[in-house]
Amino acid sequence: MTNPLLTPSDLPLFDQIQPDHVAPAIDQLLADANTALDTVTQSAFPASWTGIAGVLDVATEKLGRAWSSISHLNAVADKPALRAAYTAALPRVTEFWTRLGADERLYAKYKAIDPSTLNPEQKQAHTLAVRNFVLSGAELQGEARTRFAAIQERQAELSQQFSEHALDATDVYAYLATADEMAGIPDDVQQAAAQAAEADGKNGFFKLTLKMPCYLPVMQFARSSALRETLYRAYVTRASELGDPQFDNTPLMHEILALRLEESQLLGYPDFGTVSVVTKMAESPKEVIDFLRDLAGRARPYAEQDLADMRAFAADELGLHDPQAWDWPYIGEKLKEARYAFSEQEVKQYLTAPKVLAGLFKIIETLFEVNIRRDDAPVWHPSVLFHRIERHGKLVGQFYLDPTSRTGKRGGAWMDEVRSRWLRPDNGQIQTPVAQLVCNFADGVNGKPALLTHDDVTTLFHEFGHGLHHMLTQVNERDVSGISGVEWDAVELPSQFMENFCWEWDVLKHMTAHVDTGEPLPRALFDKMLAAKNFQSGLQTLRQIEFALFDMLLHTGHDPAQDIMPLLNQVRDEVAVLKAPVYNRSVHTFSHIFAGGYAAGYYSYKWAEVLSADAYAAFEETADSTGLPNIETGRKYRQAILEAGGSRPAMASFKAFRGREPQLDALLRHQGMAATPA
């Protein structure tokens, strides 16, 4: 049997990969990688950067590519057999990478490399490699080394279980609503819910789920407070001790935190927060905590004003004198409609997925002097699109786009690497980068194209920012090309930067066409959207700070054996102006920090917002009289930030673009928090 995971192919054979291919492929690739490791660590093998890369990196890249394909399918096409195959292989793959990162012989070989023989990209990659060996336990001995390896393996298992519980607890929930309960909910959501109920043989009902394209519109628009409460309670107790016991993430969270603390102490650090910032722009957990508390103090007056406005509106216009947690999204949406005379649903009719995508491609092509064209590749689902990016007719990168939500697909949105740009040491050829861009938008109904909310559009631009960082790099050293080697708290700069264009009329007008009439978005409606842009920005800022501060405190002063909720409540008391119910267990699905690489790093979103807002200010300062972005500024940004990737520290790239260090002013101005609130 030909194994598609082992078949030489330019791109993954996603349409052929089956669960029974996983084990034999991983067996073979691990054997090859171990042979390569043994080869380069022989005493007679020269301590040469390109020599090691030509043997070891070539073998590990094959393993990494195959495992990336398996992991990706597990995230976007989860089925019992695939999950079982993935889970069975995970410990062995984790064990290899852990052992590789801590291999004393390989560490010694890297330390023996003469930096004067390296070009600037290789020097940066070498510096980071030596640092990462230390953080991976390469200097540990005896029992400490064995224990460190066991911790890595167990953490990988626990993170996977955490993700599975969050996915399963979301997928398994369904509420059959009556027509009366559906009052106020948008037509397209009602149609999708009716079709889902019909598919289950429940004609006449509406099947509501906890997936975001269904859950959020119910919370924003359902007139029935009881229905909103039912879904809210189910949503915020997912994967906790208050939900289905088989999906309870509580014990996993305690064990993950305990292992992170133990790992940190083995490496000689007091806590995981301190380990985390070693690879980031921030110098210490204290600097992060001070930054968050400073920003919280600046945002709090605006958040208090936001809440006061909502309370008054709820009482005066909606007859709600004691609003509960499930009422706030509804109140907020109604207040926005009243204040700005438009609704998200009205805007959504103009944002069809094909038109939005065409508009996104237009701004990328204009700003970064590239062309985007359809391309062919094996895909994992019929709705997946594949494109190529060219400059002057030459291939720069390619990407898959998987836009729609479906059963078996993990929630949220993300960019992942299929392969990185690399001057391959085995054949001397440039390998162009390939990315996967994944979103979870609602699908089209009744033959009409999918409709996106403006938030969906922003999410799409955000993920494309990550994708452009990965694909437009001109760095030839794999470990520092694209997003590789970029400090984690700077990696969100290009993604958040792209979001700004969703608020530019000259960009947005090109990506709108009413789903029924084809008419573009009226300027008057856009002006209302713009006026509403910073609606509740104070509350939204505090919400993000609440998550970020909780994350850092959880990984610095918290005892992993203790209940997590008191700390969360303490942070909420300090930061939030809108209090959550005592049963709210949103932290139990906080996949970013328990399964997604953001542990003691969730603050990165806010940290990078400072960078991205200041970077975008350069475009505002150089725009022409009609507001169109300056191509020279786009070229400078592309060269200084996107093309440079991780080949130098993020601050050096920022200074190369901006000519100075970042300033907070642009962020506060962009979010409407530069002046004293009314």
Side-chain angles (χ1 to χ4, degrees), residues 71-80 82-83 86 158-175 188-189 192-193 196 207-220 231-240 243-244 246-249 252-253 329 353 380-381 383-384 400-416 436-444 450-453 455-464 466-467 492 495 543-544 547 551 584-599 602 605:
S71 302
H72 177 69
L73 288 175
N74 189 54
V76 297
D78 180 40
K79 290 187 173 68
L82 179 62
R83 181 185 291 191
Y86 173 84
L158 292 168
S159 293
Q160 171 61 12
Q161 287 174 27
F162 185 97
S163 286
E164 288 175 3
H165 286 178
L167 175 64
D168 292 344
T170 304
D171 276 355
V172 80
Y173 181 86
Y175 177 80
D188 61 323
V189 180
K207 183 180 179 180
L208 300 179
T209 72
L210 301 181
K211 293 181 184 297
M212 203 46 66
C214 175
Y215 174 76
L216 189 59
V218 171
M219 298 309 295
Q220 289 175 314
L231 259 68
Y232 174 83
R233 189 179 284 267
Y235 189 82
V236 301
T237 56
R238 286 174 305 151
S240 78
D244 189 327
Q246 66 175 320
F247 305 134
D248 183 9
N249 272 333
L252 306 184
M253 292 154 66
W380 53 91
H381 190 270
S383 63
V384 176
Y400 302 84
L401 174 62
D402 184 352
T404 49
S405 174
R406 57 182 177 268
T407 300
K409 181 177 175 184
R410 181 157 59 86
W414 66 91
M415 188 284 292
D416 213 345
Q436 289 154 346
L437 299 149
V438 184
C439 298
N440 267 280
F441 305 141
D443 211 345
L451 300 178
L452 307 187
T453 65
D455 279 349
D456 289 338
V457 176
T458 306
T459 297
L460 184 64
F461 271 63
H462 179 103
E463 298 309 333
F464 258 91
H466 284 309
E492 295 294 332
S495 53
R543 185 167 179 268
Q544 287 298 99
F547 292 151
D551 168 42
N584 183 301
R585 296 289 186 274
S586 56
V587 67
H588 286 67
T589 49
F590 197 176
S591 296
H592 276 81
I593 69 167
F594 287 108
Y598 277 84
Y602 195 78
Y605 284 102

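Only this structure's heavy atoms are used, side chains among them; waters, hydrogens and symmetry mates stay out.
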Residue pair Val438, His72: steps toward the side-chain contact (heavy atoms from CB on, under 4.5 Å) verdict = CA-CA 10 Å; Val438 184; His72 177 69; 3.9 Å; yes

key: Six-ring centre of Phe547, Arg543 cation under 6.0 angstrom, axis tolerance 45°   = no

Partners meeting side-chain contact (heavy atoms from CB on, under 4.5 Å) with Ala234 (sequence neighbours left out) = Tyr173, Leu210

So, [X] side chain and [Y] main chain: donor-acceptor pair closer than 3.5 Å or not?
X      : Y      : result
Arg410 : Asn74  : no
Lys211 : Asn440 : no
Gln436 : Tyr400 : no

Can you find a heavy atom in the side chain of [X] that is under 4.5 Å from one in the side chain of [Y]?
X      : Y      : answer
Phe594 : Gln161 : no
Ser495 : Met415 : no
Phe247 : Arg238 : no
Asp402 : Lys409 : yes

ask   = Does CZ belonging to Arg83 count more than 12 external heavy atoms closer than 6.0 Å?
value = yes

request  = Work out which heavy atom in Phe162 is nearest to a heavy atom in Ala595; give both atom names and the distance.
outcome  = CD2-CB, 4.1 Å

task = Classify the side-chain pair Glu492/His466 by whether it contains a donor and acceptor separated by less than 3.5 Å.
result = yes

inquiry  = Could you check whether Thr453 and Asp455, counting side-chain N and O atoms only, form a donor-acceptor pair closer than 3.5 Å?
reply    = no

